[in-house]
Amino acid sequence: MAGRFAPRPTRTSVRGGHVGVPASVPRQAAAPARVRTWVPDGPLDLGLVLGPLRRGPGDPTFRALPDGSVWRASLTPAGPGTLRVTGRAGEIRGEAWGPGADWLLDRLPEMLGADDDPSAFVPRHRLLALTRHRRPGLRLTRTGLVLESLIPSILEQKVTTGEAYRAWRLLVRKYGEPAPGPAPERMSVMPAPRTWALIPSWEWHRAGVDNKRASTILRAVRVAARLEEAVGMPPAAAQERLELVSGIGPWTSAETVQRSHGAADAVTVGDLHLPGIVGFALAGDRHADDAVMLSLLEPYAGQRHRAARLILLSGRVPGRRAPRMPYGDIGRL
């Protein structure tokens, strides 16, 4: 067999094997796109619905362009796929490329909130009623993919968002593969579970990811198939399964199912800022803790995540009283 295949660029891993470097693979000519159109049953704001899937302005898996289109690169059960979504005159048009194209188009409506029921939310505070009136296009996305929301959520544990976004950007660009089709420049599909498992320890360090978060991701990708099965469970049961992995707690599991399941009641606890924001918006209490936040959100049981989203969209947040948390880059150590 020697000489039949050209050698593939690799990087040596800590385990003595090799990790492919897809970034060096030239982008292939785009095949014709698969297309689907869908008409939602009410107002729909693509930016509001898909915005939570974006992990920072440089996210290689997400791009929002000035023409109003939103691009996503996903690793689906059928393989990598690129999706372009546009809306015009009340109609949504989805175009997809790659092995995962059909999978993405089949789930386009639920990704855009078709299974979400905004009418189930009954505002009991003037601020929420006003925000819902101003933002009628808010729906909760359901991606049907667990790992693509879980891994960046783990990266966001106990660090600034800037540090987490940088780590996600560097790792996906280095170890992911180019997004199929005519995707915008430098878009990538996130690495497969095995590729995550083979990333050398020094590359985690260079990306600014400490050993605790890296180890949690490694434990998660070892049981990736079992975690992806959680997409068929109710959100609460899915959170329980995710939290069986050491290093994944209520904060991380809630941030995941909010996106993978469209969980309207998965309120984020353990967050540094959210309790104070909710407390300030609903009761003028900027020092609220998780217990106070949950008490204030109790009237919205079943819709607490939507209530928190509306509060964040209202813009009513307490002013800063301290400098921003300093940015730390352990990759320079």
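For the single chain, residues carry numbers from 1 onward in sequence order.
Side-chain contact between Trp168 and Met190 is present, with at least one heavy-atom pair separated by less than 4.5 Å. Residues Leu75 and Thr61 are not in side-chain contact: their nearest non-hydrogen atoms beyond the backbone lie 4.5 Å or more apart. Put simply, the side chain of Trp71 does not reach to within 4.5 Å of the side chain of Val85, judged on heavy atoms. Tyr175 places none of its side-chain heavy atoms less than 4.5 Å from the side chain of Ser188. Considering only heavy atoms from C-beta on, Pro180 comes within 4.5 Å of Val189 through its side chain. Using a 4.5 Å heavy-atom cutoff, the side chains of Leu242 and Val257 are in contact. Proximity of Asp265 to Gln303: side-chain heavy atoms (C-beta onward) are nowhere separated by under 4.5 Å. By the 4.5 Å heavy-atom criterion applied to side chains, Leu104 and Thr82 are not counted as neighbours.
The CG atom of Leu312 sits 11.5 Å away from the NE2 atom of His273 when rounded to the nearest 0.5 Å. Here CH2 of Trp204 is found 4.5 Å from CD1 of Ile199. Values are rounded to the nearest 0.5 Å. The CZ atom of Arg309 sits 6.5 Å away from atom CG of Leu48, with the distance rounded to the nearest 0.5 Å. Summarising the geometry, atom CG belonging to Leu83 is positioned 12.5 Å from atom CZ belonging to Arg107; distances are rounded to the nearest 0.5 Å. Taking OG1 of Thr37 as the start and CG of Leu105 as the end, the distance is 10.5 Å to the nearest 0.5 Å. If you take OG on Ser253 and CG on Leu150, they are separated by 9.0 Å, rounding to the nearest 0.5 Å.
Applying the salt bridge (Lys or Arg N to Asp or Glu O under 4.0 Å) rule to pairs touching residues 63-83 yields Asp67-Arg84, Arg72-Glu148, sequence neighbours excluded. Sorted by first and then second residue, the ring pair (Phe, Tyr, Trp, His ring centres under 6.0 Å) pairs with a member in residues 138-160 form an empty list; sequence neighbours excluded. Each ring pair (Phe, Tyr, Trp, His ring centres under 6.0 Å) pair with one or both residues in residues 229-264, not counting sequence neighbours, would appear here, but there are none.
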Determine, step by step, whether Glu203 and Arg206 satisfy the salt bridge (Lys or Arg N to Asp or Glu O under 4.0 Å) criterion, reporting the C-alpha distance in whole Å, the side-chain angles of both residues, the deciding distance to 0.1 Å, and the verdict.
-> CA-CA 5 Å; Glu203 294 291 359; Arg206 286 173 179 170; 3.3 Å; yes
Check the pair Leu274, Val269 against side-chain contact (heavy atoms from CB on, under 4.5 Å), reporting the backbone distance first and the verdict last.
-> CA-CA 8 Å; Leu274 187 61; Val269 295; over 6 Å; no
Give the C-alpha distance, both sets of side-chain angles, the deciding distance and a yes or no for side-chain contact (heavy atoms from CB on, under 4.5 Å) between Val278 and Val292.
-> CA-CA 9 Å; Val278 172; Val292 173; over 6 Å; no
Audit row: Arg93, Glu95, salt bridge (Lys or Arg N to Asp or Glu O under 4.0 Å) steps and yes/no | CA-CA 7 Å; Arg93 176 183 172 89; Glu95 302 168 81; 3.7 Å; yes
Test side chain to side chain donor-acceptor pair (under 3.5 Å) applied to Thr216 and Arg219, step by step = CA-CA 5 Å; Thr216 300; Arg219 287 190 290 268; 3.3 Å; yes
How far apart are the C-alpha atoms of Asp102 and Arg34, what are their side-chain angles, what is the distance that settles it, and do they pass the side-chain contact (heavy atoms from CB on, under 4.5 Å) test?
-> CA-CA 7 Å; Asp102 290 335; Arg34 295 177 176 86; 2.7 Å; yes
Derivation and outcome, side chain to side chain donor-acceptor pair (under 3.5 Å), residues Gln258 and Thr268 | CA-CA 9 Å; Gln258 288 166 6; Thr268 304; 2.8 Å; yes
Applying side-chain contact (heavy atoms from CB on, under 4.5 Å), run through Leu112 and Arg139 and close with a yes or a no.
-> CA-CA 7 Å; Leu112 296 178; Arg139 296 200 181 193; over 6 Å; no
Kindly indicate, with the supporting measurements, whether the criterion side chain to side chain donor-acceptor pair (under 3.5 Å) is fulfilled by Glu255 and Ser153.
-> CA-CA 7 Å; Glu255 289 287 311; Ser153 295; 5.1 Å; no
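Ring geometry for His125 against Tyr300 counts as tilted: the plane angle lies between 30° and 60°, on a 0 to 90° scale.
Both tests pass for Arg316 against the ring of Phe280: distance under 6.0 Å to the centre and angle within 45° of the axis.
Between Leu227 and Ala220, the closest heavy-atom pair is CD1-O, 3.6 Å. Taking all atoms of both residues into account, the shortest heavy-atom contact from Val231 to Ser260 is CG2-O, 4.0 Å. Considering all non-hydrogen atoms of both residues, Gly279 and Leu296 come closest at CA-CD1, 3.7 Å. For Pro109 against Asp106, the heavy-atom pair with the smallest separation is CD-O, 4.0 Å. Across Ser149 and Arg259, no two heavy atoms sit closer than the pair OG-CB, 3.4 Å. Contact record, Trp196 with Ile217: CE3-CG2, 4.5 Å, taken as the closest heavy-atom pair.
Under the 4.5 Å side-chain heavy-atom criterion for grouping Ile, Leu, Val, Met, Phe, Trp and Tyr, Leu310 is not connected to Leu44 through any hydrophobic cluster. Using a 4.5 Å cut-off between side-chain heavy atoms of Ile, Leu, Val, Met, Phe, Trp and Tyr, with links allowed through other members, Val209 and Val172 fall into the same hydrophobic cluster. Residue Ile311 is grouped with residue Val267 when hydrophobic side chains (ILVMFWY) are merged at heavy-atom distances under 4.5 angstrom, including chains of intermediate members. The cluster map of Ile, Leu, Val, Met, Phe, Trp and Tyr, joined by side-chain heavy atoms under 4.5 Å apart, puts Tyr165 and Leu171 in different clusters. Hydrophobic clustering (side-chain heavy atoms under 4.5 Å, transitive across Ile, Leu, Val, Met, Phe, Trp, Tyr) keeps Leu108 apart from Leu140.
Partners of Arg241 according to the salt bridge (Lys or Arg N to Asp or Glu O under 4.0 Å) rule, which considers only residues two or more places apart in sequence or in another chain, are Glu229. Legend: residues meeting ring pair (Phe, Tyr, Trp, His ring centres under 6.0 Å) with His305, ordered by chain and number and at least two apart, are absent. Under the salt bridge (Lys or Arg N to Asp or Glu O under 4.0 Å) criterion, Glu243 pairs with no residue at all, not counting sequence neighbours.
At distances below 3.5 Å, at least one donor-acceptor pair connects side-chain atoms of Thr143 with backbone N or O atoms of Leu145. When atom types are taken as modelled, the side chain of Asp290 and the backbone of Gly270 share a donor-acceptor pair closer than 3.5 angstrom. Side chain of Gln239 to backbone of Ala236: no donor-acceptor contact under 3.5 angstrom is found. Judged purely by atom type and a 3.5 angstrom limit, Ser69 has no side-chain atom pairing as donor or acceptor with the backbone of Leu65. Side chain of Thr252 to main chain of Ile248: no donor-acceptor pair is present (N/O by atom type, distance under 3.5 Å, no hydrogens or angles).
Ion pairing of Arg213 with Glu156 is absent here, as no side-chain N (NZ or NE/NH1/NH2) approaches a carboxylate O to less than 4.0 Å. Note on Arg306 versus Asp116: salt bridge recorded, some NZ/NE/NH1/NH2 to OD/OE distance being below 4.0 Å.
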